[in-house]
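Below is one structure; the comments refer to it alone.
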Amino acid sequence: MTDDIRTKKLINAPEDIIPEAIEGMLLAHPDMLKVEGATKRAIVAKDGPRDGKVGVVVGGGSGHEPAFAGYVGRGLADAAAVGNVFASPSPEHIMDAARAVDGGAGIMFLYGNYTGDVLNFDMAAEECQGMGIPACSFGVTDDVASAPKGREGERRGIAGDFFVFKIAGAAAEAGRDLDGVIAATKKANDNTRSMGVALSACSLPQTGKPNFDIGHDEIEIGMGLHGEPGMRRGKLATADEVTTELMAGILGDMELGSGDEVAVLVNGLGATGPLELYLLHRRAAKILAEKGVKIHYSWVGEYCTSLEMAGASITLLKLDDDLKTLLDMPCKTPALTVAG
Amino acid sequence: MTDDIRTKKLINAPEDIIPEAIEGMLLAHPDMLKVEGATKRAIVAKDGPRDGKVGVVVGGGSGHEPAFAGYVGRGLADAAAVGNVFASPSPEHIMDAARAVDGGAGIMFLYGNYTGDVLNFDMAAEECQGMGIPACSFGVTDDVASAPKGREGERRGIAGDFFVFKIAGAAAEAGRDLDGVIAATKKANDNTRSMGVALSACSLPQTGKPNFDIGHDEIEIGMGLHGEPGMRRGKLATADEVTTELMAGILGDMELGSGDEVAVLVNGLGATGPLELYLLHRRAAKILAEKGVKIHYSWVGEYCTSLEMAGASITLLKLDDDLKTLLDMPCKTPALTVAG
Amino acid sequence: MASFENAGSGAMVRKVAAAVVENRAWLSEIDGKIGDGDHGNNMAKGFGRAAERISDGDTLDAAFATVTDVLMGEIGGSMGPLYGMFFSDMADVVAGKERIDAPTFAAMLAAGAEGVMAIGEARPGDKCLLDALCPAVTAAEENAAKGFPETLVAVRKAAEDGRDATVDMIAQIGRASRLGERSRGVQDAGATSCALILVTLADAIEARLS
Amino acid sequence: MASFENAGSGAMVRKVAAAVVENRAWLSEIDGKIGDGDHGNNMAKGFGRAAERISDGDTLDAAFATVTDVLMGEIGGSMGPLYGMFFSDMADVVAGKERIDAPTFAAMLAAGAEGVMAIGEARPGDKCLLDALCPAVTAAEENAAKGFPETLVAVRKAAEDGRDATVDMIAQIGRASRLGERSRGVQDAGATSCALILVTLADAIEARLS
Ligand SMILES: Nc1ncnc2c1ncn2[C@@H]1O[C@H](COP(=O)(O)OP(=O)(O)O)[C@@H](O)[C@H]1O
Ligand SMILES: Nc1ncnc2c1ncn2[C@@H]1O[C@H](COP(=O)(O)OP(=O)(O)O)[C@@H](O)[C@H]1O
Ligand SMILES: [Mg+2]
Ligand SMILES: [Mg+2]
Ligand SMILES: [Mg+2]
Ligand SMILES: [Mg+2]
């Protein structure tokens, strides 16, 4: 009996969920988005790609909405390659996106650093290079919980994607060449650190089962974006205590001192809403204030999710003048509008 | 044993959740928001209220984030009065908001039509009038599931708040006088219809218990924003079937025909994310297309929630030229930015 | 005829508050069945805070005024205005009185019920707190001439019977009014808290009389 | 020496695909313990679609190429490129051959393993599909001279032992590599699907030989 209990979701056939969601998304944002290519997995900005501009292609598995297609639009990503739930898009999906945004100035591929994404985007980048299109494949590595200091390159990409994508998109929009976009992206990634916590599991539409077990009074500190286990399983604690632990993980890994400036992202994983997220932001802001670190801007909401998981992550982007300028540049996408 | 199982939330003491969330919200958006008044429950736009402009005050219980304080900012609401979880703000909370936004041109109070909100906002409006400030207390009544045709005035306000607030805010921003703002608000409310569905219960921070029971294969059609039962309990159905039923409820209650234009809001209640919401939008858009109804603009995301409830609602706003102009006017708030 | 001193009534109101706080979980649970599950939270927050500001020696009207201030100023929700007016209008009747006898008590309850009806526009039979309150008013008025002990017995019984009768009613007011037949079979939360308040107050008065 | 005809091998690959689809839930479940719980979904989607496009009469290389096309073109994920290269590099070895004997089979598996290592940069011992695959390659190479029957017995055993050995390993690659000691005690999902593929293929070859 209990084996029959599946997580309730508002879906049709599980195997159709991605093409149908893409269709619904295009119908919702016809002013901003279109789909290009035979695979129908490349969502392209109507008002983005143009001759002489570096094409910015983001992507990854589905289930992280609004990432990744929600960040497609003028001033941010030119296209997103949309994979199946929790699975990287294929090289063909990615190439559909790349072809649509190629403006002769090269392609910047951006995604979270997971084996599948690295393999598929790297293959697409090689294919571009084979066609004479300069291309860079770049995996975001913001999750401090996923590998120790000194092994930063092995880290996963989680909500820090948001900042790295924004910076890369703005650099391309500003007319920088591929090397310039790569330099800005790399700096943004080097300056971004995140850590998350999960309170409940999510379940994949295909299986309908929680994809890990967690006790009714437990939390997983350092949980990944796909329900991968984190650093430790602990007892549920207060918002202040949890935030203090997440901030300790982040601050222990980056140099931040009095007079420095950061952007803050408090991100909900799916079932944790603004009421709770603002409690986390409150504590994070106090910790930063105590260190004399200034907050340039904060985003609090759902920017990179794990289906319906309960939990949150905190991300800091350490700013310099250039990063600040790029972060503040206008953009218009379904998930983020920065007004000019 | 099982009696000890509480819904996990990232909070500190439950009784502190609202003041702490307000603190975190102000620390996150110091460019847009400030708090005014002794009760510390009035969140006021930094760049909103001004002499000669009608002051727009929205409000209601907490737990519906980003409603209501998320809609405070230039071009939308001038202030929000923030109640406890699922409980209207008190007349004193509301008066703190009213005093902060009074620019000599009167006050427009907007909230969802619930006994508690009506009582408290009406008392505040009377108090304003007693002080010589013209004021209108207006409850949004968009939920077709909550009372039959002919008894529209008894209906609840759910996600339709979003459209009615936006129109009222834009009318005030455009410099209309109180009568003009009331007329636009009334027309927006008359032209707005919503219907929702719940898949799971939410739980209040104080009790930590699901606030209603629902079987693992059941849905509640017409569910209110606070877990109030809806029109019928049914078996879980596909996204297309559920959308068809919600749209039938809405379209059966408003006159919409070929050539008409609408704005669409597909709203997640808390734990239902964009992947599922876009499936609902897909079906809704097809139904509208079959009727020859044009979509002017769609919003898909979490705009008015019920804590961590799983489920969604669909809202249509039937547009005329004036409503379209007001809807498209720029605004800048934590939850909604419309670029100019 | 039996009566009690107005001064020194604060302790009674604190007993009422303690009963509300004690029943917080239960009141929220029944509100969850056909409402939004917060009645106990709202009530406990309001009465809990009020109790902190009431001294045992306060007059009844002063203690009631404190309850009103907290409900109307800080609590909001439906209960802020409804119980706020209830206690405020009751306070007006006893304000300035040395002692309170049964007829005064009956007049006080009647004024409170009028206050609730004036602001909330509900009636007995709507499945709301008036279904406990109005029968209690009638019982008080009908028994006041017989003195306090009989009056209190009658008030308690009327409030509890009225509360129990809400089980079979269809809600006509508040959140549950949208449910039609589905609202039947569940006891009303507001009638439950109202009966609790009236019974606890009656018990406290009885204790002071003897 | 025993061998089988290259043409007509499509049916064998469809059997492999059927085994993968059948084990979808199980493969996802073990991936959920230290991964993201989707291994069975990814694999079943890819192999299920490929099976629809493979005819029983296809050559082994043609059938493998179809699997590769679906995995690389439509499936993505980690398995798209990893198993994509596996089948693509195996296809290269048998392409154009009339019949396939045990040494060719061994060479084919070896090329597949090289392909996986070239793209994924993992090694046996990392707790991944190579822990089933590489021992199977070695077993095939060591037994090929003895003929197909012995080779298939050895390959099956090596793949299953290799799969079982992943339980005690600490993951060094993929999602689980961030877990350190916490990744121990759980069987690797990729090694499980790889053993399943190898065992099913060996069974199918055995059936064709006899
Ligand atoms: N207009 C009214 N007049 C009298 N009592 C009412 C009215 N509306 C609601 N009630 C009472 O309020 C109770 C619910 O109170 P509570 O849960 O605190 O408020 P809310 O419904 O706003 O969450 C109902 O059980 C009912 O007895
Ligand atoms: N670099 C690699 N080389 C070989 N196998 C790998 C590698 N990375 C991961 N794997 C295998 O992939 C399996 C997980 O596959 P799957 O769940 O489909 O992909 P993902 O981890 O992207 O969700 C692991 O169990 C492991 O055996
Ligand atoms: Mg995956
Ligand atoms: Mg309430
Ligand atoms: Mg209630
Ligand atoms: Mg996996």
Side-chain angles (χ1 to χ4, degrees), chain A residues 3 14-15 38-39 41 59-61 63 81-95 114-124 143 145-148 151 154-156 201-213 222 224-233 306, chain D residues 24-46 48-49 68-85 88 116 118-122 126 128-129 171-184 186 189-190:
Chain A
D3 255 14
E15 56 274 20
T39 64
R41 292 301 188 94
V82 180
N84 292 320
V85 177
F86 288 0
S88 164
S90 76
E92 285 192 24
H93 301 152
I94 301 167
M95 282 308 297
Y114 296 90
T115 304
D117 297 277
V118 174
L119 294 175
N120 287 284
F121 277 94
D122 279 0
M123 289 173 75
D143 182 5
S146 57
R151 286 166 53 193
E154 293 172 37
R155 287 179 178 166
R156 304 184 284 231
C202 56
S203 65
L204 297 168
Q206 287 90 345
T207 60
K209 307 275 170 205
N211 72 345
F212 59 92
D213 295 321
L225 255 191
H226 309 81
E228 306 96 330
M231 292 170 88
R232 70 172 188 90
R233 188 61 65 98
S306 301
Chain D
R24 137 183 276 182
W26 162 236
L27 293 173
S28 287
E29 192 181 323
I30 53 179
D31 187 35
K33 308 250 185 243
I34 53 174
D36 59 352
D38 64 349
H39 186 60
N41 301 337
N42 304 337
M43 294 291 287
K45 190 170 224 168
R49 284 197 194 169
T68 297
D69 282 353
V70 173
L71 289 176
M72 297 274 237
E74 301 166 33
I75 300 306
S78 303
M79 293 304 106
L82 290 168
Y83 275 126
M85 291 311 291
S88 149
V116 173
I119 189 165
E121 295 174 5
D126 286 353
C128 69
L129 63 88
Q172 308 290 343
I173 196 95
R175 291 179 200 285
S177 63
R178 284 87 181 206
L179 295 181
E181 267 299 332
R182 286 179 71 184
S183 66
R184 206 195 285 279
V186 180

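These numbers come from the heavy atoms of this one structure, side chains and all, not from hydrogens, waters or symmetry mates. Residue numbers begin at 1 in each chain, while the letters A, B, ... track the order of the sequences.
Between chain D and the residues A:Arg156, A:Gln206, A:His226, A:Glu154, the most heavy-atom pairs under 4.5 angstrom are made by A:His226. When each of D:Met79, D:Lys33, D:Lys45 is scored by its heavy-atom pairs under 4.5 Å with chain A, the top score falls to D:Lys45. Contacts with chain D were tallied for A:Val118, A:Asp117, A:Asn120, A:Thr115; A:Asn120 has the most, counting heavy-atom pairs under 4.5 Å. When each of D:Gly35, D:Gly80, D:Ser28 is checked for heavy-atom pairs under 4.5 Å with chain A, D:Gly35 comes out on top.
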task: Carefully, step by step, assess A:Val85 and D:Asp38 under the rule side-chain contact (heavy atoms from CB on, under 4.5 Å).
output: CA-CA 8 Å; A:Val85 177; D:Asp38 64 349; over 6 Å; no
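Looking at A:Met231, only its backbone comes within 4.5 Å of chain D, counting heavy atoms on both sides. Residue A:Pro91 touches chain D through both its backbone and its side chain, counting heavy-atom pairs closer than 4.5 Å. Interface remark: A:Phe86 contributes backbone and side-chain atoms alike to the contact with chain D (heavy atom separation under 4.5 Å).
The two residues A:Ala87 and D:Asn42 have their closest heavy-atom pair at CB-OD1, 3.8 Å. Of all the heavy atoms in D:Pro81 and A:Met123, the pair that sits closest is CB-SD, 3.8 Å.
Under a 3.5 Å cut-off, the side chain of A:Ser90 and the backbone N or O of D:Ile75 do not form any donor-acceptor pair. For the pair A:Arg41 (side chain) and D:Glu74 (backbone), a donor-acceptor distance under 3.5 Å is absent.
Side-chain contact between A:Leu204 and D:Asn41: present, with at least one pair of heavy atoms (C-beta onward) separated by less than 4.5 Å.
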